[in-house]
*Asks:* 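Provided herewith is a single structure, encoded as structure tokens, for subsequent inquiry.
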2 protein chains.
Amino acid sequence: MSDEKRSADAPEPVVATRERIARAASRLMQRQGYDGTGIKQISAEAGATLGSVYHFFPGGKLELALEALNRGNREFVDELRAVFDEEEDPAAAMVLLTRRLADGLRASDWMDGCPITTTALGASGRLPQIQAAASEAFVRWHALVFDRLTESGVAEDAARALAHTVISILEGAELTAQVTRSSAPLEAAGRHLARLIDGDREAATGQE
Amino acid sequence: MSDEKRSADAPEPVVATRERIARAASRLMQRQGYDGTGIKQISAEAGATLGSVYHFFPGGKLELALEALNRGNREFVDELRAVFDEEEDPAAAMVLLTRRLADGLRASDWMDGCPITTTALGASGRLPQIQAAASEAFVRWHALVFDRLTESGVAEDAARALAHTVISILEGAELTAQVTRSSAPLEAAGRHLARLIDGDREAATGQE
DNA sequence: TACCAGGTAGAGCGTTCTTTCCAGAGGTGG
DNA sequence: CCACCTCTGGAAAGAACGCTCTACCTGGTA
């Protein structure tokens with residue numbers, strides 16, 4: 001709503017302060033979780049001062065975390081949509097996606113896993129709003145996968161269950177890959193996911 | 001190395017202090033992660049004093065966390081072995097296991113997920129010893145599943161990849177179930193896991 | 001010139017954190 | 001009866017935490 005004011009004569013902050021703070025919060029919480037990330041650390045990483053942080057996020061740490069979760073949510077939605085756009089076959093899309101996740105993980109030296117999981121796991125037991133935001137993200141991803149599966153011919157009941165497994169296996173494989181510092185889990189996940197999807201598509205077309 | 005001293009005449013502490021501290025650390029870190037769990041909280045939960053904690057765990061919080069991870073590791077190894085003992089068919093064993101995980105999760109009001117993941121995720125980036133211990137656990141579980149799969153007729157190459165996916169899907173489904181507070185991901189995981197395993201067993205016996 | 005709102009700057013409050021330290025309780029062997 | 005050792009109890013140090021607060025800068029408007 002206020003992004004177009006520094007039009008030409010004051011381009012100093014290449015990216016606005018609020019945006020820098022939100023990005024730093026997202027990255028830091030993705031890596032260290034809610035409790036492991038301090039607000040001073042966020043402000044330092046963002047190149048902003050404490051005053052700026054509380055100016056833009058008066059809700060404090062909780063608001064920062066919710067913003068980080070929303071960003072992580074959108075981030076993965078975009079990634080999911082991208083592979084579905086590039087590969088019409090959902091099985092092939094999953095193979096592509098797992099390869100991209102593996103590349104991203106390795107590129108960050110196994111630091112950047114799922115942008116939701118780390119923040120959600122440690123705090124969702126104590127902070128219901130964080131649990132709610134994380135749950136919302138998973139439900140959203142599930143719906144996205146479910147839609148794509150039914151579009152490609154999987155029966156609704158099968159697609160609902162299969163979409164759960166798609167999300168579970170992606171989450172689990174990324175987690176396992178990150179902790180063991182190996183891309184093998186993600187590679188296996190891609191192949192097995194493709195097999196499951198192809199199986200349910202054949203079953204649906206076969207019984208029509 | 002010094003565990004057999006209280007042989008018979010000093011059974012006063014129904015459960016020894018060191019054991020109570022270790023259990024409290026495990027449970028708390030499983031739920032809240034490394035940074036979310038304080039040593040004072042552990043000592044209070046264990047009914048021990050700070051002095052006792054540092055007496056038994058002079059390595060401080062890190063040593064407590066490593067002990068918690070080792071316990072979590074053994075815990076899941078036992079659970080895995082139990083279902084493999086009860087169900088000869090590995091596919092059936094996975095269905096049984098996912099049901100048990102779902103029951104345990106619901107019974108704890110979605111608090112007690114994987115005893116490794118929460119502790120590992122937030123801290124493995126900063127504390128290499130935690131990353132190593134968590135990685136060791138995952139590798140151990142993979143080996144256990146791999147052995148059972150090859151025993152039941154799956155070819156080695158397929159078993160290696162499939163064992164990765166077994167661990168990934170179990171981790172991911174438990175995580176997703178915990179965050180969304182629904183056992184649906186675990187139920188779907190059990191069925192799909194069984195399908196994948198049966199597929200690889202048929203493939204192996206078919207090509208012999 | 002005067003004013004004002006949006007944003008920046010950081011000192012400092014009260015609390016909590018991990019860790020260290022030492023004084024004692026309780027049982028055991030000489 | 002004393003020396004000894006394991007374990008308990010808790011005070012306190014030193015640092016870090018989330019958050020509040022006031023002062024200041026800056027660009028636009030009247």
Side-chain angles (χ1 to χ4, degrees), chain A residues 1-22 24-25 28-29 32-68 119 122-123 126-127 129-130, chain B residues 1-22 24-25 28-29 32-68 119 122-123 126-127 129-130:
Chain A
M1 54 179 75
S2 63
D3 225 286
E4 60 283 356
K5 57 187 157 186
R6 306 176 176 280
S7 50
D9 60 339
E12 305 189 16
V14 180
V15 41
T17 306
R18 195 200 135 93
E19 176 70 17
R20 291 201 321 272
I21 294 170
L28 254 20
M29 289 203 179
Q32 309 172 336
Y34 183 84
D35 292 295
T37 304
I39 292 199
K40 286 190 175 159
Q41 190 186 9
I42 292 174
S43 77
E45 176 93 2
T49 62
L50 221 43
S52 299
V53 172
Y54 279 94
H55 173 75
F56 288 110
F57 299 92
K61 195 175 188 179
L62 181 58
E63 188 179 346
L64 252 350
L66 294 175
E67 172 76 18
T119 308
R126 284 165 295 160
L127 302 170
Q129 313 182 62
I130 287 193
Chain B
M1 52 178 76
S2 64
D3 224 285
E4 60 283 356
K5 56 188 157 188
R6 303 181 174 280
S7 50
D9 59 340
E12 304 188 19
V14 179
V15 42
T17 305
R18 195 199 135 92
E19 176 70 18
R20 292 202 317 276
I21 294 170
L28 255 20
M29 288 203 180
Q32 310 171 337
Y34 183 85
D35 292 295
T37 304
I39 292 199
K40 283 189 175 167
Q41 189 185 11
I42 292 175
S43 77
E45 176 93 1
T49 62
L50 227 39
S52 299
V53 173
Y54 278 94
H55 173 75
F56 288 110
F57 299 90
K61 196 175 186 178
L62 180 58
E63 189 179 347
L64 252 350
L66 294 175
E67 172 76 18
T119 308
R126 285 164 294 160
L127 302 170
Q129 315 182 58
I130 287 194

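Here is the naming used below: chain letters follow the sequence lines, and residue numbers restart at 1 for every chain.
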*Asks:* Which part of the nucleic acid, if any, lies within contact of B/Thr37, taking any heavy atom under 4.0 Å across all strands shown: a base, the sugar-phosphate backbone alone, or nothing?
*Replies:* sugar-phosphate
*Asks:* Just how far, in rounded Å, is P of C/dG7 from CZ of A/Phe57?
*Replies:*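 About 12 Å, once rounded to whole Å.
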*Asks:* In whole angstroms, how far is the C1' atom of D/dA23 from the OH atom of A/Tyr54?
*Replies:*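 Going from OH in A/Tyr54 over to C1' in D/dA23 covers 19 Å.
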*Asks:* Rounded to whole angstroms, how far apart are CG on B/Leu50 and C1' on D/dA13?
*Replies:* 13 Å
*Asks:* What is the distance, rounded to the nearest whole Å, between atom CD1 of A/Ile21 and atom P of C/dG7?
*Replies:* 11 Å
*Asks:* OP1 or OP2 of D/dT8 versus the side-chain N and O atoms of B/Ser52: is any pair under 4.0 Å?
*Replies:* yes
*Asks:* Would you tell me if any nitrogen or oxygen in the side chain of B/Thr49 comes within less than 4.0 Å of OP1 or OP2 on D/dC7?
*Replies:*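 The answer is no; no side-chain N or O of B/Thr49 sits under 4.0 Å from OP1 or OP2.
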*Asks:* Report the distance from atom CG of B/Leu64 to atom C1' of C/dT18, rounded to the nearest whole Å.
*Replies:* 11 Å
*Asks:* Heavy atoms, side chains only, cut-off 4.5 Å: are B/Glu45 and B/Arg20 in contact?
*Replies:* no
*Asks:* Considering heavy-atom distances to DNA chain D, does A/Gly51 or A/Gly36 have its closest nucleotide positioned more toward the 5' end?
*Replies:*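 Taking each residue's closest nucleotide, the earlier one in sequence belongs to A/Gly36.
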*Asks:* I'd like to check A/Gln129 versus A/Glu63 (side-chain heavy atoms, cut-off strictly below 4.5 Å). Are they in contact?
*Replies:* no
*Asks:* May I have the distance from B/His55 (atom NE2) to C/dG24 (atom P), rounded to whole angstrom?
*Replies:* 19 Å
*Asks:* How about A/Leu64 and A/Val53: do any of their side-chain heavy atoms sit closer than 4.5 Å?
*Replies:*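 SC-SC contact between A/Leu64 and A/Val53 confirmed.
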*Asks:* Salt-bridged, A/Lys61 to A/Asp35, with N to O below 4.0 Å?
*Replies:*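 No, A/Lys61 and A/Asp35 are not salt-bridged.
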*Asks:* NZ of A/Lys40 versus P of C/dG12: gap in Å, rounded?
*Replies:* 12 Å
*Asks:* What integer distance in Å separates A/Gln41:CD from D/dC17:C1'?
*Replies:* 12 Å
